[in-house]
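Residue numbering restarts at 1 for every chain, and letters A, B, ... go by the order of the sequence lines.
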Amino acid sequence: MVKTLKDVKPGETVTIVKYHHCGDIELRRHLLGMGFVKGTKVHVKKVAPFGDPIEMSIRGCDVCLRKEEAENIEVI
Amino acid sequence: MKKLIVGLAGNPNVGKTTVFNQLTGMHQHVGNWPGKTVERAEGYFNHGDYEYQIVDLPGNYALSAHSIEEIVSRDFIVDDDSDVIVNVVDAANIERNLYLTVQMMELGANMILALNMNDFAKRREHFINIDLMSELLGFPIIEINAKKKEGIEELLNTVEKQAANPINTSEKLAYGAELKEHLEDLQELIEKDDELLDVPSIWTAVKLLEKDSIVIQKVQQSSISSEIMVEVDKVSKHLYDIYNEGSEEVIANARYAFIDGLIAEAVEKPEVEKPTISDKIDRILTNRILAIPIFLVVMWVMFQIVFTLGSPMQEFINAVFTQWGEMAAAAIPNPYIASFVQKGLFCGVGGVLTFLPIIFLMFLCLSFLEDCGYLARAAFTLDLVMHKLVGLHGKAFIPMILGFGCGVPAVMATRTMEHESDRILAMMLIPFMSCTARLPIYAIFTAAFFPDNAGTMLLVMYLLGIIVALIIAALLKRTLFKGMSAPFVMELPTYKLPSVKGILIHTWEKVKGFIKKAATIILAAVVIIWVLSIFPLGVAYGSQQSILGMIGSAVAPIFAPLGFGTWQAAVAIIAGLLAKEAIVGTLGTLGGLDEDDEEGITSLVHDTFTPLSAFSFMAFSLLYIPCIAVLGVIKQETGTFKWPVLMTAITLVTAYVVTFLVYNIGTLMGFG
């Protein structure tokens with residue numbers, strides 16, 4: 001099974017592998033701008049009280065993504 | 001005096017606005033970018049021999065064709081004749097911040113980097129070698145502390161120097177050998193057409209590989225467009241074969257590789273980051289259990305400040321203007337002029353001014369919540385609810401809640417959302433939140449028919465509004481706003497103490513904007529209603545013989561299927577366009593009673609309505625066109641009449657359909 005950013009548990013740190021090409025291109029552009037590029041480390045900090053979105057720290061910034069957006073990013 | 005035009009660029013939350021405020025103080029002009037709903041803030045000041053014009057570009061992360069904010073910013077850098085671009089960078093987040101810097105380097109922008117909040121970075125043990133970094137980038141870096149106003153003088157001196165000797169910042173930009181080679185091939189092709197050389201060829205080449213629709217359109221005008229596009233396809237495919245990634249990703253990787261190189265050379269960072277104060281605060285504020293109660297408390301306090309504190313001020317202003325109007329009218333011998341002064345001018349101006357206290361208080365609260373960083377956390381906490389229920393952004397919660405107080409500040413509060421589609425959809429739903437101006441209507445009608453269940457009726461009305469809003473949201477999302485869903489990706493900025501100056505300037509700009517733009521629409525509406533009520537001259541004001549009465553009589557049959565087909569009800573509904581609380585007073589005056597004779601109006605309502613038609617009338621008052629002030633402020637916020645007109649149509653149709661169903665189903669079920 002391929003692991004995506006959506007499956008990462010709070011407290012874990014993962015590395016971005018690639019984007020799934022089914023994802024929205026605008027979104028991908030935006031994420032690339034926020035630093036979500038191949039090889040970058042992402043530390044998942046917490047999940048919102050209702051279970052979505054997810055807060056993570058990337059390149060020193062805290063960013064949150066919805067699960068539907070995180071599931072297009074493959075990580076290890 | 002020499003003129004200097006300077007653009008301020010940077011990511012959101014880097015203190016760009018603080019720099020702007022420090023430089024320009026109160027000499028600001030906030031408008032919209034031509035034809036866009038994006039705010040354009042400009043400021044002016046003099047420094048030495050220079051007359052500065054500063055343009056605060058919208059905060060963004062990239063310069064793609066991704067959002068209007070980004071397009072506006074890059075158009076400014078590309079097309080406008082700015083002398084210098086000052087790129088404000090948050091030292092603690094320099095890595096991510098440099099991504100935008102690099103894109104401006106692609107444009108060769110004559111740029112200076114203003115390194116802000118370096119003290120904060122140092123506290124996190126991030127040490128930036130400014131001289132080295134500046135050498136590597138090929139343009140000056142000035143350390144500033146925007147809040148304490150430090151380094152600003154040096155920044156301005158550097159701007160003046162660099163305006164005289166522009167730097168082509170694209171020179172030091174270096175992407176990996178493979179990409180560089182392909183970019184050079186493309187650049188060579190592009191350079192064959194002089195028409196395309198208004199921007200550096202590297203920018204065009206990069207944007208073509210990024211599949212930027214606007215740049216592609218421009219290139220298609222070129223005489224050698226097919227040649228270029230063939231090459232672009234070839235390069236994209238080639239890059240895909242090597243990296244197994246789309247060319248956009250290859251470019252983003254290359255930009256970050258350049259940045260990583262800079263950081264490795266010029267920034268010293270600890271192996272493991274220390275937990276920041278923000279992390280500690282977040283342990284409480286976005287805690288699984290505490291987050292929601294805390295949010296509710298924050299909202300409650302905000303609501304109290306805005307409305308409990310603001311309403312008495314509103315009433316006071318209203319009372320003063322009513323009194324002045326009467327006094328002025330009494331002093332004018334001509335009854336028509338007196339009526340105009342009282343019911344047109346004083347009512348109109350008073351009607352505009354009553355909104356000021358709540359707008360002022362709302363922006364104080366909202367600016368504070370936004371600047372300190374809490375707003376983003378609230379959106380994080382509640383996004384799921386807003387997203388799943390209405391398809392809106394988590395930040396839409398605040399306008400919706402404010403909507404229960406008053407639609408005017410609520411519409412203005414949509415500004416906190418970054419994407420236009422989110423903003424406009426939220427605006428379209430605000431009128432269905434039952435604002436306090438509807439309360440007098442409910443009070444009279446429930447007192448007349450449902451005195452024992454007043455609380456329940458009130459709840460039913462609020463719920464009806466919310467349910468209708470949910471349905472409308474679902475419909476709009478599937479039609480007009482189809483595919484306009486904006487990604488959520490949101491930065492959670494570090495908590496900081498907001499600057500009082502910044503909050504006050506922001507609030508003042510908003511209040512000024514309201515007076516200037518929305519006020520004219522409100523005033524015009526008041527005068528129109530006055531004209532309709534007084535003509536033809538000689539008839540009693542607003543009576544059946546007046547134009548307003550005639551219009552009321554003409555449209556009354558339309559309301560008959562809803563249960564209230566009288567001309568009085570129709571006139572009251574028209575009068576309610578000015579302000580919904582006017583509905584009750586109008587029913588009173590049309591029945592020969594005093595405006596504020598509550599008991600009289602209650603028994604009048606009791607005699608002229610049935611319980612079902614009363615319910616139906618309440619529902620209609622809730623759902624039809626919000627008052628003119630809300631329409632005015634939507635025009636002000638969106639910059640076009642399209643949205644207020646559309647809202648008028650949507651609310652009228654919705655009100656009619658829902659009320660029709662309520663009344664006729666009620667009749668069938670025997671409640672008539």
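- Note on A:K18 versus B:E245: no salt bridge recorded, every NZ/NE/NH1/NH2 to OD/OE distance being 4.0 Å or above.
- Both the backbone and the side chain of B:K211 have a heavy atom closer than 4.5 Å to some heavy atom of chain A.
- Salt bridge annotation for B:E70-A:R29: absent, with no cationic side-chain nitrogen under 4.0 angstrom from a carboxylate oxygen.
- Using a 4.0 Å cut-off between a side-chain N of Lys or Arg and a carboxylate O of Asp or Glu, B:D279 and B:R283 do not qualify as a salt bridge.
- Of the atoms belonging to B:Q103, not a single heavy atom falls under 4.5 Å from chain A.
- Counting heavy-atom pairs under 4.5 Å between each of A:L65, A:L32, A:V63, A:I58 and chain B puts A:L32 at the top.
- Atom CD of B:E268 sits in a sparse spot, with 12 or fewer heavy atoms from other residues, nucleotides or ligands closer than 6.0 Å.
- A:R28 has a carboxylate O that lies under 4.0 Å from a charged side-chain N of B:E249, or vice versa, which qualifies the two as a salt bridge.
- For a residue to count as touching a neighbouring chain, one of its non-hydrogen atoms must lie under 4.5 Å from one of that chain's; by this rule A:I54 touches chain B with the backbone only.
- With a 4.5 Å cut-off on non-hydrogen atoms, B:F380 touches chain A through its backbone and its side chain both.
- Using a 3.5 Å distance cut-off with no hydrogens or angles, the side chains of A:R59 and A:T40 do pair a donor with an acceptor.
- Residue with the most contacts toward chain A among B:D282, B:D90, B:I289, B:N13: B:D282 (heavy-atom pairs, distance under 4.5 Å).
- For chain B, no part of A:K67 is nearby; none of its heavy atoms comes within less than 4.5 Å.
- Most heavy-atom pairs under 4.5 Å with chain B, from the set A:C64, A:A48, A:G35: that is A:C64.
- For A:K41, the NZ atom is loosely surrounded, since the number of other residues' heavy atoms within 6.0 Å does not exceed 12.
- Contact of B:R255 with chain A is not made at all, since no heavy-atom distance falls under 4.5 Å.
- Of the two parts of B:E491, the backbone and the side chain both hold a non-hydrogen atom closer than 4.5 Å to a non-hydrogen atom of chain A.
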